[in-house]
Asks: 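The structure's right below; bear with me while I get my questions together.
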Amino acid sequence: MNRVLVLNGVNLGRLGSREPLIYGSTTHEELAETCVQTGREVGVEVEVRQTDDEAQLVAWLHEAADAELAVVLNSAAWSHYSYALRDACSQLTAPLVEVHISQVHAREEFRHSSVISGVATATITGLGIEGYRAAIRFIATL
Ligand code: DQA
């Protein structure tokens with residue numbers, strides 16, 4: 001795969017100031033730069049987007065489905081209950097890697113299940129920002 005969309009959902013635009021003990025001090029802008037840089041290292045063009053609007057995220061997933069693009073997705077809180085996002089993810093034909101910055105299984109019970117995992121190629125949870133780098137590197141091997 002030579003192109004990857006990194007899609008971040010609700011509240012992730014507040015990385016850096018949002019609960020830094022859980023999510024770290026890296027801002028979303030810095031995360032985006034890290035993802036683009038990782039892509040350069042492995043020969044993949046990476047585009048990073050973030051939205052607090054679920055409909056926008058669904059539209060981006062439709063775009064990825066139509067263009068057969070690989071997706072790295074952190075759908076944040078939506079991961080735990082949005083069947084609409086799951087249905088959008090089901091339409092992807094290229095790999096989908098679900099990423100969570102925090103170790104969701106060691107947190108509140110409502111975070112233990114993801115409606116996305118069942119339609120994802122892989123799920124990475126608890127590696128912090130490194131999880132995005134691992135996801136991009138994995139996609140580059142395909
Ligand atoms: C998250 C975990 C979710 O439970 C939470 O709602 C988020 C971020 C993570 O990256 O660890 O917003 O997806």
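Remember, predicted model here, so these are calculated numbers, not experimental data. Order of appearance sets the numbers: ligands from 1, and atoms from 1 within every ligand.
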Asks: For Arg111 and ligand 1, does the shortest N/O to N/O distance drop below 3.5 Å?
Replies: yes

Asks: What residue and atom, counting heavy atoms only, is the protein's closest point to atom 9 (C) of ligand 1, and at what distance?
Replies: Ile101 N, 3.3 Å

Asks: Any N/O of His100 closer than 3.5 Å to an N/O of ligand 1?
Replies: yes

Asks: Which atoms of ligand 1 sit under 4.0 Å from any heavy atom of Arg18?
Replies: 7 (C), 12 (O)

Asks: Looking only at heavy atoms, which two atoms of Gly39 and Val46 are closest? And how far apart?
Replies: CA-CG2, 3.7 Å

Asks: Give the atoms of ligand 1, by number and element, whose distance to some non-hydrogen atom of His80 is under 4.0 Å.
Replies: 3 (C), 4 (O)

Asks: Quick check: Ser79 and ligand 1, any N/O pair under 3.5 Å apart?
Replies: no

Asks: So does Glu47 pair up with Arg3, basic N to acidic O under 4.0 Å?
Replies: yes

Asks: Would you check if Ile116 and Leu96 make a side-chain contact, meaning some heavy-atom pair closer than 4.5 Å?
Replies: yes

Asks: May I ask you to check whether over 12 heavy atoms, not counting those of Arg49, lie within 6.0 Å of atom CZ?
Replies: yes

Asks: State whether the number of non-hydrogen atoms from other residues, nucleotides or ligands found under 6.0 Å of Glu108 atom CD is greater than 12.
Replies: yes

Asks: Is atom CD of Glu41 surrounded by more than 12 heavy atoms (other residues, nucleotides or ligands) closer than 6.0 Å?
Replies: yes

Asks: Spell out, as yes or no, whether a donor-acceptor pair under 3.5 Å connects the side chain of Ser102 to the backbone of Tyr23.
Replies: no

Asks: For the residue pair Tyr132 and Thr34, establish whether any side-chain heavy-atom pair is separated by less than 4.5 Å.
Replies: no

Asks: How about Phe110: does its CZ atom have over 12 heavy atoms from other parts shown lying under 6.0 Å from it?
Replies: yes

Asks: Considering non-hydrogen atoms of the protein only, which is the closest contact for atom 2 (C) of ligand 1, and what is the distance?
Replies: Val104 CG1, 3.7 Å

Asks: Can you tell me which portion of Asn11 lies within the under-4.0 Å heavy-atom range of ligand 1? Options are side chain, backbone, both, or neither.
Replies: neither

Asks: Please indicate whether any nitrogen or oxygen in Ala77 is less than 3.5 Å from any nitrogen or oxygen in ligand 1.
Replies: yes

Asks: Is Val99 in polar range of ligand 1, meaning some N or O pair under 3.5 Å apart?
Replies: no

Asks: With a heavy-atom distance limit of 4.0 Å, tell me whether Asn74 approaches ligand 1 through its side chain, its backbone, both, or neither.
Replies: side chain

Asks: Non-hydrogen atoms of Phe110 versus ligand 1: any pair closer than 4.0 Å?
Replies: no

Asks: Quick one: look up the protein heavy atom nearest atom 11 (O) of ligand 1 and list residue, atom name and how far away it is.
Replies: Ser102 OG, 2.6 Å

